[in-house]
Each structure stands twice: as C-alpha cells, then as structure tokens.
Amino acid sequence: MTLDKVLMPVPEDHPNVFDREWPLRVADIDRNGRLRLDAAARHIQDIGQDQLRESGFEAIHPLWIVRRTMIDMIKPIEFPDMLRLRRWCSATSTRWCEKRVRIDGRKGGLIESEAFWININPDTFMPSRISDDFLDGLRRTTDVDRLRWKAYLKGGTREDATHVNEYPVRVADIDLFDHVNNSVYWSAVEEYLFTAPELLSAPLRITIEHEAPVALGDKLEIIAHLHPASTTDRFEAGLVDRPVHTLTYAVGDKTKAIASIFARARPGSDIT
C-alpha cells in the first residue's frame with residue numbers, strides 16, 4: 001500500500017456500509033461554489049461520529065485520532081447539491097483501522113477518501129485495543145486484519161522551499177484533544193490551491209500525514225515545495241511522470257504534518 005494506492009471500491013448494497021445524506025451548506029463552499037477540502041474533512045469526521053453513535057459504540061470508543069487522510073477529488077461537488085456519504089472499513093488491526101468514505105453529489109461530483117484512525121483511551125489518551133464486538137463489525141467489509149502504520153511522506157526543509165508562509169493558529173482551530181483539529185490542515189491546502197488554480201483542472205489526490213500535534217500559541221509555518229516530474233520517483237516509482245507538490249507543517253525545526261498534492265490519471269488518458 002503506497003501513496004498512489006488504489007482505494008477499495010464501495011461494497012454495493014452491503015449491510016455494513018453506513019449510508020447517509022445531507023445538504024451541501026453555504027459554509028462548506030468556496031467562492032465558486034465548490035465543496036472545499038476542509039469542509040469535506042469535517043464531513044468525513046461527522047459521518048464517523050454518526051456511525052459510532054448509531055451503531056451503539058460511541059460510549060465504548062468515543063475518541064479517535066486520524067494519522068493520515070487521503071482524499072481523491074475526482075470531480076468537484078458544487079453548490080447547490082445533496083451529499084450522499086458512505087462509510088466502511090477497508091483494513092483493520094487491534095488498535096486502529098482504515099475507513100473509506102465516498103461522497104457523491106447528485107449532479108455527478110465525487111470525492112473518495114481513506115483515513116487511518118487510531119482508537120484512543122479516554123482516560124490515558126493513548127492508543128487502546130478495539131473491543132471484540134467492534135472489530136467483528138469492521139471485519140465484515142475487509143479481509144485485511146493486520147494493518148500496520150507506514151509513513152508515505154517526509155517533511156521538507158526551508159532552505160530549498162518554493163515559499164514559506166506563517167499560518168496563524170486560532171482559538172477556533174483547537175479541538176477536544178487541545179490541539180489543532182485535522183480539518184484545519186486542509187484549509188492550508190485550500191490556501192495553496194488558490195495560488196495554483198491550474199491544479200484544479202484535473203482530478204487530484206491529496207494526502208495529509210500527521211506526525212505531532214499543533215497547539216494554541218505555536219508559530220506554525222507552511223513550507224511549500226514543487227517536485228518536478230522525473231524527480232518524483234522519490235515518492236513512488238509510479239509518480240515519476242507527474243509533478244508532486246508538498247506542504248510541510250512546521251513549528252520551529254519540528255515537522256508536525258506533511259501534505260502531498262498530485263494529479264490523478266484519468267482512465268485511458270495522459271496525465272497533465
């Protein structure tokens with residue numbers, strides 16, 4: 001499983017695929033009406049919380065931390081629209097799992113995602129074993145039951161960056177764990193895409209990996225790099241034909257998270 005991995009397709013009509021709909025709201029869209037990535041990340045969190053509550057496990061496993069989220073923006077979802085979200089497990093182990101979420105708009109827009117979630121003990125705030133009953137449910141949509149963590153990305157340096165921008169941390173960015181919520185990291189990706197709108201002309205894969213939390217009062221900087229095609233086999237051999245953009249979220253000399261952005265190939269067409 002790699003940065004350019006093929007995501008598990010939705011198991012159609014499977015009873016363990018959690019399926020919900022709600023409207024695309026005005027607060028979720030950019031100036032052109034497109035569902036923003038930070039809003040999509042919140043929807044991915046929200047359906048996870050809904051599934052926990054409705055399956056009766058919210059009290060048993062109330063806290064989860066995301067280590068990596070991979071989003072494929074296949075076709076922009078645009079306002080006004082209704083969102084259909086489907087969520088299921090694509091891989092699991094005893095303390096963490098990968099969850100797929102597919103977001104369909106009724107007008108043909110499509111976002112695919114997969115996230116690596118770690119179960120957290122509410123008393124110790126440490127990774128904790130998932131209950132047997134919960135694991136049984138996870139395994140009904142996947143045969144992968146020995147999921148291991150493997151980082152796909154490595155932080156970049158300021159010395160060879162295309163640019164470095166300060167990203168102020170706001171009180172509103174802090175969540176229950178007293179650190180910046182994962183959806184806020186996607187706002188920085190949106191800021192970057194605003195400076196490179198040509199990236200939105202093709203289907204994109206954006207991945208964010210979290211290495212350490214960002215707290216209120218931290219001086220967060222976004223260190224941007226553009227890796228030209230023919231040099232990008234450092235990420236994966238299959239990406240050598242396209243450029244890869246990376247964002248390193250840094251506080252001082254410590255890397256807090258890393259994002260990668262690259263074009264997805266359209267079936268039967270060249271990558272642009």
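Along the sequence shown, the residues carry numbers beginning at 1.
Contact record, Ala27 with Arg42: O-NH2, 4.1 Å, taken as the closest heavy-atom pair. In terms of heavy atoms, Gly105 sits closest to Asp81 at CA-OD2, 3.4 Å. Between Ile222 and Ala188, the shortest heavy-atom contact is CD1-CB, 4.2 Å. For the residue pair Leu147 and Ser93, the shortest heavy atom distance occurs at O-CB, 3.4 Å. For the residue pair Arg205 and Thr207, the shortest heavy atom distance occurs at CG-OG1, 4.0 Å. Minimum heavy-atom separation, Leu85 to Val101: CD2-CG1, 4.3 Å.
Using the six-membered ring where Trp is involved, Trp64 and Phe134 have ring planes that are tilted, between 30° and 60° apart. By the 30° and 60° cut-offs, the orientation of the rings of His245 relative to Tyr192 is perpendicular. Ring planes of His225 and His227: parallel class, angle under 30° (limits at 30 and 60°). Ring geometry for Tyr249 versus Tyr185: interplanar angle of 30 to 60°, hence tilted.
At most 12 heavy atoms of other shown residues, nucleotides or ligands fall within 6.0 angstrom of atom CZ in Phe194. The environment of Asp178 atom CG is sparse: at most 12 non-hydrogen atoms of other residues, nucleotides or ligands sit within 6.0 angstrom. Within 6.0 Å of CD in Glu54 there are more than 12 heavy atoms belonging to other residues, nucleotides or ligands. The local environment of NZ in Lys75 is sparse, with at most 12 non-hydrogen atoms from other residues, nucleotides or ligands closer than 6.0 Å. By the neighbour-count criterion of 12 heavy atoms within 6.0 Å, atom CG of Asp143 is sparsely surrounded, having that number or fewer from other residues, nucleotides or ligands. Surrounding CZ of Arg25 are at most 12 heavy atoms belonging to other residues, nucleotides or ligands under 6.0 Å away.
Separation of the Trp149 and Phe116 ring centroids falls under the 6.0 Å cut-off.
A salt bridge links Arg68 to Glu209: one of the charged nitrogens lies within less than 4.0 Å of a carboxylate oxygen. A salt bridge links Arg158 with Glu221: the distance from a Lys NZ or Arg NE/NH1/NH2 to an Asp or Glu carboxylate oxygen falls below 4.0 Å. The residues Arg102 and Glu112 are annotated as salt-bridged, a charged nitrogen and a carboxylate oxygen being separated by less than 4.0 angstrom.
Side chains of Thr255 and Glu211: no donor on one and acceptor on the other come within 3.5 Å. A side-chain donor from one of Asn181 and Gln45 sits under 3.5 Å from a side-chain acceptor of the other.
Looking at Leu3 and Leu153, their side chains come closer than 4.5 Å, going by heavy atoms from C-beta outward.
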Could you go through the side chain to side chain donor-acceptor pair (under 3.5 Å) check for Glu98 and Thr92 one step at a time? CA-CA 6 Å; Glu98 283 185 327; Thr92 189; over 6 Å; no
